[in-house]
Amino acid sequence: MHTQWAAVDAYINDLFPSDPVLDAVLHATRDAGMPQINVSPVQGRLLHVLALACNARNILEIGTLAGYSAIWMARALPADGRLITLEADPKHADVARANLARAGLAERVEVRLGMALAVLPQLAAEGSGPFDLIFIDADKENLTVYFDWAVRLARPSGLIIVDNVIRGGEVLNDSSSDAGLQGVRRFNEALAADSRVTATILQMVGSKGYDGMALAVVKG
Ligand code: SAH
Ligand code: DHB
Ligand code: MG
């Protein structure tokens, strides 16, 4: 199945005009020896479309890697819009800053170095936000905590997107010893019971195999 999912994903991607900047960003990520766990091109396009659909002017991302998903979302911003992206690994942050500069987005995007659990309270204290769109894509152990911060930092009717909530179907395994997987399971259950948001969970297939994203709108 994976071969066909990847082939159809490539088909979808190839329908659209090619994008040398984004291709260069993926090359730079590979050349830097970083993990290739960025969202796929088709998923990046989804983030872009959703950012446009919610008229995002102020976006928060948790988990930058090389800036690939940040570029897709930041391209949906108006000229005075802002995106803040949180990254714990200094090397990833450096590569991301270079990639964002290459994409002409250095002014609009701030890569904030630090552990998300430490930086999120700082953002709240600084009065950052409210954010129209928040994309959560860092470690999975702390998903539920990140989501709580996201609900606090989002504007009413703000959209929160959470990556990797299906994990090849492993999410059904209630006896997994993988801490990340347990974090995902805890998150999905908490999301479904969370009266602050209206949410759903999407299964997805494509070049990254079988996974999914949760979508939540904060009640107004
Ligand atoms: N959103 C990116 C991919 C992010 S991969 C894209 O699609 O292009 C996950 C990133 O989260 C990695 O760069 C990792 O270093 C970072 N990360 C992991 N734990 C973190 C934490 N506690 N705080 C901040 N960043 C973290
Ligand atoms: C992993 C992390 C991700 O955010 C992702 O989209 C895919 C894989 C990982 O840690 O393996
Ligand atoms: Mg991810």
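When reading the values below, keep in mind they use all heavy atoms of this one structure, side chains included, and skip hydrogens, waters and symmetry mates. Just so you know, ligand 1 is whichever comes first in the structure, and atom 1 is the first atom listed for that ligand.
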Where ligand 1 meets [X] - atom numbers and elements under 4.0 angstrom, heavy-atom basis:
| X | answer |
| --- | --- |
| Tyr146 | 21 (C), 22 (N) |
| Asn38 | 6 (C), 7 (O), 8 (O) |
| Val39 | 6 (C), 7 (O) |
| Glu61 | 1 (N) |
| Asp139 | 18 (C), 19 (N), 20 (C), 21 (C), 22 (N) |
| Gly114 | 23 (N), 24 (C) |
| Leu65 | 2 (C), 3 (C), 4 (C), 5 (S), 13 (O) |
| Ile37 | 5 (S) |

### Message
Tell me whether Arg167 reaches ligand 2 (any heavy atom closer than 4.0 angstrom to a ligand atom).
### Response
yes
Looking at ligand 1, would [X] count as a contact under a 4.0 Å heavy-atom criterion?
| X | value |
| --- | --- |
| Trp72 | no |
| Gly67 | no |
| Met34 | no |

#### Entry: N, O or S from Asp211 under 2.8 Å to the Mg ion (ligand 3)
no
#### Entry: Over 12 foreign heavy atoms within 6.0 Å of CZ, Arg152
no
### Protein heavy atom at shortest distance from atom 10 (C) of ligand 1
Glu87 OE1, 3.7 Å
### Message
Quick test: of every protein heavy atom, which one is nearest to atom 23 (N) of ligand 1, and how far off is it to 0.1 Å?
### Response
Ala116 N, 2.9 Å
### Pair Ser175-Asn173, side-chain donor/acceptor within less than 3.5 Å
yes
### Task
Please lay out, stage by stage, how Ile134 and Tyr146 fare under the test side chain to side chain contact (heavy atoms under 4.5 Å, CB included).
CA-CA 10 Å; Ile134 302 177; Tyr146 298 154; over 6 Å; no
### Query
Hey, does Asp174 have a side-chain heavy atom less than 4.5 Å from the side chain of Arg185?
yes
### Task
Please determine if Asp19 and Arg75 form a salt bridge, counting it only when a charged side-chain N lies under 4.0 Å from a carboxylate O.
yes
### Query
Any salt bridge between Lys91 and Asp89, counting N to O under 4.0 Å?
no
### Query
Out of Ser40, Pro35, Ala66, Ser69, whose heavy atom is nearest to atom 1 (N) of ligand 1?
Ser69
### Query
If you count the atoms of ligand 2 from 1 in the order shown, which ones are under 4.0 Å from a heavy atom of Asp163?
6 (O)
### Query
With atoms numbered from 1 as shown, which atoms in ligand 2 lie under 4.0 angstrom from a non-hydrogen atom of Asp137?
4 (O)
### Query
Taking the six-membered ring for Trp, are Trp72 and Tyr68 parallel (under 30°), tilted (30 to 60°) or perpendicular (over 60°)?
perpendicular
### Evaluation steps, side chain to side chain contact (heavy atoms under 4.5 Å, CB included), between Leu181 and Lys140
CA-CA 7 Å; Leu181 198 270; Lys140 313 308 171 192; over 6 Å; no
### Task
For ligand 2, indicate whether the residue Ile37 contacts it via side chain, backbone, both or neither (heavy-atom separation under 4.0 Å).
both
### Message
Let me confirm one number: the OG1-CG distance from Thr200 to Leu191, rounded to the nearest 0.5 Å.
### Response
8.5 Å
### Query
So which bit of His92 gets within less than 4.0 Å of ligand 1, heavy atoms only: side chain, backbone, both or neither?
side chain
#### Entry: Side chain, backbone, both or neither: Ile62 near ligand 1, heavy atoms under 4.0 Å
neither
### Query
Are any of the N or O atoms of Asp89 closer than 3.5 Å to those of ligand 1?
no
### Message
Please check whether Ala138 reaches ligand 1 - meaning an N/O of the residue sits under 3.5 Å from an N/O of the ligand, judged on distance alone.
### Response
no
### Message
Quick check: closest heavy atoms across Ala214 and Phe187, and the distance to 0.1 Å?
### Response
CB-CE2, 3.9 Å
#### Entry: Apex the Mg ion (ligand 3); atoms Asp163 OD2 and Asn164 OD1; angle rounded to 10 degrees
90°
